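For reference, the structure I am asking about is given below.
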Amino acid sequence: MCGRFTIILPPEVLAEIFGLPELPRIEARYNIAPTQEVVVIRQNAEGLRQLVTMKWGLIPSWAKDPHIGNKLINARCESVHEKPAFRQAICTRRCVIPASGFYDWTHTDKKIPFYVSMADGSPMAFAGIWDSWKAPDGSRLESFTILTTNANSLIAPIHDRMPVILHPAEFDLWLDRDITEPEKLTRLYQPYPSDLLRAWPVSSLVNSPRNETPACIEQTVS
DNA sequence: CCAGACGTTGTT
DNA sequence: GTCTGG
DNA sequence: CCAGACGTTGTT
DNA sequence: GTCTGG
């Protein structure tokens, strides 16, 4: 699944691959955890892409207690079109979460964290959905969740789920607000090809969200 | 009708 | 054991 | 996802 | 908001 990730991308690279109209101001993050503020990309009604900051953990618009978002950090692709918390968002409020890689923990043997990134070091793009929650004081809180799918052969030994990773050619379709038919979207939910990814073990430093240094992604040698 | 849930993960 | 917070 | 808390009272 | 369960 996806419960921790990184974004270490120069603004130029981010703007280029995601087709942003302006250079974003973005800093490197080595250990992004649920509940934190994260930049995501969505498209406005005019088709213009924008980088916006949202909280990780989707709070449905109808939620009475926003803490529900702490649990909704992932949405299973197999059920995202049916679940009450997600089915509206999946039709009209899709987003892409730019990343460099994500972490996964093994549970067989000892709990060992792994870092997964693109084999060629290029940016990674998670498929996500977002919602807007109205607080009692009238303010708005935007939040998102990351879709998950079955693990591919590279990830499977670590974990049975992985995030839905989009190919650059799929960004237009995913972000198009006029496309609402599930059958046009479900084909994007396939596990990303193993040969385009790489994975290596990392130190347990990453376990605590308080540690946010480059050492989090360094390969451990045994 | 109203009340209560609405989610994922992993582990057993 | 289970929930909250990051 | 993992780490860390997990409680009440009264007083400052 | 919308569905399920009582």
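Letters A, B, ... are given to chains in the order of the sequence lines, protein chains preceding strands, and every chain is numbered from 1. These figures come from a predicted structure and were not determined experimentally.
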Practice task
Return the value, rounded to whole Å, for the distance between atom CG of A:Asn211 and atom C1' of D:dG4.
Solution key: 14 Å
Exercise for the section: May I ask you to check whether A:Ser153 and A:Ser194 show a side-chain donor-acceptor distance below 3.5 Å? Expected result: yes
Handout entry: Spacing of the P atoms in D:dG7 and C:dG5 (rounded, Å)
Key = 12 Å
Handout entry: No-hydrogen, no-angle side-chain donor-acceptor test under 3.5 Å, A:Arg198 and A:Ser117
Key = yes
Problem - Donor-acceptor side-chain pairing of A:Thr148 and A:Arg161 below 3.5 angstrom - result: yes
Write down the protein N/O and nucleotide N/O pairs, taken from nucleotides 1-3 of chain C, whose separation is under 3.5 Å; answer none if there are no such pairs.
none

Handout entry: Candidates C:dG5, B:dC6, D:dC1 - which lies nearest the side chain of A:Asn70
Key = C:dG5
Exercise for the section: Say whether A:Gln88 and A:Arg93, considering side chains only, have a donor N or O and an acceptor N or O under 3.5 Å apart. Expected result: no
Exercise for the section: Could you work out which one of C:dG6, B:dC6, D:dC1 sits closest to the side chain of A:Ile73? Expected result: D:dC1
Exercise for the section: Indicate, with yes or no, if the rings of A:Phe126 and A:Phe5 have centres closer together than 6.0 Å. Expected result: yes
Practice task
Flag the pair A:Arg42 and A:Glu142 as a salt bridge only when some basic side-chain nitrogen lies within less than 4.0 angstrom of an acidic carboxylate oxygen.
Solution key: yes
Fill in the blank from the handout: From the candidates C:dG6, B:dC6, D:dG4, the one with an atom nearest any side-chain atom of A:Arg4 is C:dG6
Restricting both atoms to N or O, compile the protein contacts to nucleotides 7-9 of chain B shorter than 3.5 Å, with distance only.
residue	atom	partner	partner atom	Å
B:dG7	OP1	A:Pro84	N	3.0
B:dT8	OP1	A:Arg76	N	2.9
B:dT8	OP1	A:Ser79	OG	3.3
B:dT9	OP1	A:Thr148	OG1	3.1
B:dT9	OP1	A:Arg161	NE	3.4
B:dT9	OP2	A:Arg76	NH1	2.5
B:dT9	O3'	A:His159	NE2	3.1

Handout entry: Between A:His81 and A:Phe86, ring centroids under 6.0 Å
Key = no
Fill in the blank from the handout: A:His107 has its side chain closest, among B:dT11, D:dC1, D:dG4, to B:dT11
Practice task
Give a yes/no answer on whether the side chain of A:Lys111 brings an N or O atom under 4.0 Å of OP1 or OP2 in D:dA3.
Solution key: yes
Fill in the blank from the handout: For DNA chain D, the dot-bracket notation using Watson-Crick and G-U wobble pairs below 3.5 Å, [ ] for pseudoknot-type crossings and | for other-strand pairs, is ||||||......
Practice task
Establish, from distance only, whether the side-chain atoms of A:Arg29 and A:Gln36 form a donor-acceptor pair under 3.5 Å.
Solution key: yes
